[in-house]
Amino acid sequence: MEPQARPEVEGLQAYSAPLEGRRGMLRLDFNENTMGPSPQVVAAIRAIPAEQYAIYPEYDGLRQAVVANLALPLAPSQIGLFNGVDAAIHAIFHAYGDRGDTLLTTSPTFGYYTPCAQMQGMAIEAIPYRLPDFGFPFEELRAALQGYPRILLICNPNNPTGTRLAPELILELAASAPGTLVVVDELYEAFTGDSVLPLADFAATPNLLVLRSLAKTAGLAGLRIGFAIGAAPVVDRLARVTGPYDINSFAVTAAHAALADQAYVDCYVAEVLRARSWLVQQLQAAGVRHHAAGGNYLLIWPERPAEEVEQRLRQAGILVRSMAAKPLIDGSLRVSLGTTEQMQRFWAAYLQVA
């Protein structure tokens with residue numbers, strides 16, 4: 001007889017993604033940086049002395065570096081450090097979610113929110129985006145806040161629909177529900193400029209928390225480094241449920257170098273936006289149904305079944321992600337955006353298989 005986990009875990013279907021066999025291919029499936037990190041990051045990692053491997057990581061100065069990069073009046077105590085934003089999301093639910101509480105979010109959205117809520121025994125209220133253009137269901141969500149959900153989680157811009165919500169409206173929601181932890185997942189903010197941080201007053205809305213990462217823009221997805229930014233007491237509660245050495249020394253070194261080379265990130269973002277403009281022009285000219293809003297990705301509806309086209313593109317060395325069976329976007333492919341040259345390669349292959 002094997003030991004049984006908690007009932008919530010026994011009935012849990014974990015968030016999963018195909019993680020193997022992706023190297024050496026054009027990766028347009030997980031919204032990663034397709035060029036790699038800044039040369040300054042590579043140089044900094046190569047300069048790590050071997051004796052540092054045997055020492056537990058040190059985080060002195062990293063919170064200050066995040067504050068300096070944001071150029072906002074924040075204190076280091078308002079910056080939480082995590083082994084990727086996934087770990088920050090897990091800590092949020094571990095610290096604030098309890099059995100019988102409610103997670104309020106939208107649908108479809110990032111798939112990891114659901115298992116994190118389920119493992120705490122939470123109920124999930126997911127309000128669908130508005131068709132036909134996946135508009136944000138602001139009024140419906142504001143009404144649902146009257147039910148006092150424990151956590152409201154907004155991905156802005158939303159993955160996978162790209163839906164954007166103005167920062168002023170997010171602050172309005174946070175102010176209207178002081179008993180709800182309002183979490184804004186801003187992993188793709190750099191591609192739209194919709195951040196709530198420049199307008200946030202964490203003294204007035206201490207229930208607001210913002211998530212950021214160096215995975216999508218700075219090219220550090222493989223090193224796992226993410227941040228939670230908010231009122232110091234909230235950040236402290238997340239730290240209480242996080243391991244003392246969750247972030248490794250390589251990620252700390254890389255983060256310092258990436259934060260110091262904002263020009264590299266800005267250039268990469270500009271190239272992605274150029275590539276998006278080029279690809280959208282091709283889609284429009286070819287009459288292909290698509291949806292492109294925020295983020296470094298867009299949705300395409302091929303004439304053939306999405307999963308079939310996904311496999312055909314993989315055979316051509318290009319990875320995209322089928323959205324089959326996802327609410328509102330079933331039948332589509334989510335295609336990450338890289339450089340213009342990479343999107344030209346994708347488009348030539350797509351025309352052959354779709």
Side-chain angles (χ1 to χ4, degrees), residues 16-36 107-111 129 131-135 155 157-164 187-188 190-192 215-217 219 221-222 267-354:
S16 62
L19 301 176
E20 305 300 328
R22 300 176 63 244
R23 286 157 179 77
M25 306 183 81
L26 177 53
R27 299 171 286 100
L28 305 180
D29 53 343
F30 281 97
N31 304 337
E32 297 158 324
N33 178 312
T34 58
M35 290 178 58
S107 177
T109 193
F110 180 42
Y129 287 95
L131 293 175
D133 296 322
F134 309 107
C155 189
N158 182 56
N159 172 22
T161 64
T163 305
R164 299 163 61 180
L187 260 65
Y188 302 98
F191 302 100
T192 63
K216 309 302 182 183
T217 52
C267 287
Y268 179 71
V269 169
E271 174 57 25
V272 167
L273 295 180
R274 283 191 293 270
R276 178 170 68 185
S277 178
W278 181 87
L279 182 57
V280 167
Q281 289 178 2
Q282 310 312 307
L283 292 165
Q284 290 173 339
V288 176
R289 182 187 171 194
H290 63 282
H291 181 73
N296 62 335
Y297 46 86
L298 48 74
L299 296 173
I300 297 176
W301 281 261
E303 292 186 6
R304 287 195 174 107
E307 291 174 307
E308 177 185 337
V309 176
E310 178 188 43
Q311 288 303 315
R312 287 171 175 259
L313 286 170
R314 186 183 186 96
Q315 292 168 6
I318 300 173
L319 301 175
V320 298
R321 194 159 187 196
S322 169
M323 298 287 103
K326 288 191 177 291
L328 304 186
I329 57 172
D330 182 30
S332 70
L333 297 170
R334 190 190 65 192
V335 180
S336 305
L337 298 165
T339 66
T340 302
E341 181 180 359
Q342 288 169 337
M343 302 324 294
Q344 289 171 341
R345 177 184 166 190
F346 159 77
W347 182 239
Y350 180 84
L351 290 175
Q352 296 295 318
V353 302

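Because the structure is a prediction, the values reported are computed rather than measured.
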Would you give the length of the straight line joining atom [atom1] of [X] to atom [atom2] of [Y], rounded to the nearest 0.5 angstrom?
X    : Y    : atom1 : atom2 : result
L131 : L328 : CG    : CG    : 5.0 Å
T161 : L299 : OG1   : CG    : 7.5 Å
N158 : F134 : CG    : CZ    : 10.5 Å
E310 : L319 : CD    : CG    : 8.5 Å

- Decide side-chain contact (heavy atoms from CB on, under 4.5 Å) for M323 and L333; before the verdict, give the C-alpha distance in whole Å, the side-chain angles of both, and the deciding distance to 0.1 Å. CA-CA 6 Å; M323 298 287 103; L333 297 170; over 6 Å; no
- Among residues two or more places apart or on two chains, list those pairs meeting salt bridge (charged side-chain N to carboxylate O under 4.0 Å, His left out) that have a residue in residues 327-348. none
- Item | Sequence neighbours excluded - salt bridge (charged side-chain N to carboxylate O under 4.0 Å, His left out) pairs with any residue from residues 296-305 | R304-E308
If you take all heavy atoms of [X] and [Y], which pair is closest and at what distance?
X    : Y    : result
T163 : A293 : N-CB, 4.5 Å
G295 : L337 : O-CD1, 4.4 Å
P302 : A306 : CG-CA, 4.1 Å
E32  : Y268 : O-OH, 3.8 Å
Y297 : P157 : OH-O, 3.7 Å
I329 : P160 : CD1-CG, 3.4 Å

- Message: Holding to side-chain hydrogen bond (donor to acceptor under 3.5 Å, both in side chains), I want the full list of residues that pass it with T217, two or more places apart in sequence or in another chain.
- Response: none
- For S336, check side-chain hydrogen bond (donor to acceptor under 3.5 Å, both in side chains) against everything at least two apart and list the hits. N31
- Spell out, as yes or no, whether a donor-acceptor pair under 3.5 Å connects the side chain of D133 to the backbone of G135. no
- Say whether, by atom type as modelled, one donor and one acceptor occur between the side chain of Q342 and the main chain of T34 under 3.5 angstrom. yes
- Note on the structure: The side-chain contact (heavy atoms from CB on, under 4.5 Å) partner of K216 among N33, N159, V269, L187 is L187
So, do [X] and [Y] sit near enough that their side-chain heavy atoms are less than 4.5 Å apart?
X    : Y    : result
I300 : L283 : yes
M343 : V335 : yes
F30  : R22  : yes

- Item | CA sep, side-chain torsions, deciding dist, call: Q352, R312, side-chain contact (heavy atoms from CB on, under 4.5 Å) | CA-CA 9 Å; Q352 296 295 318; R312 287 171 175 259; over 6 Å; no
- Name all pairs fulfilling the side chain to side chain donor-acceptor pair (under 3.5 Å) condition that reach into residues 272-296, sequence neighbours left out, sorted by first residue then second. E271-R274
- Item | ring pair (Phe, Tyr, Trp, His ring centres under 6.0 Å) against F346, all qualifying residues, sequence neighbours excluded | Y350
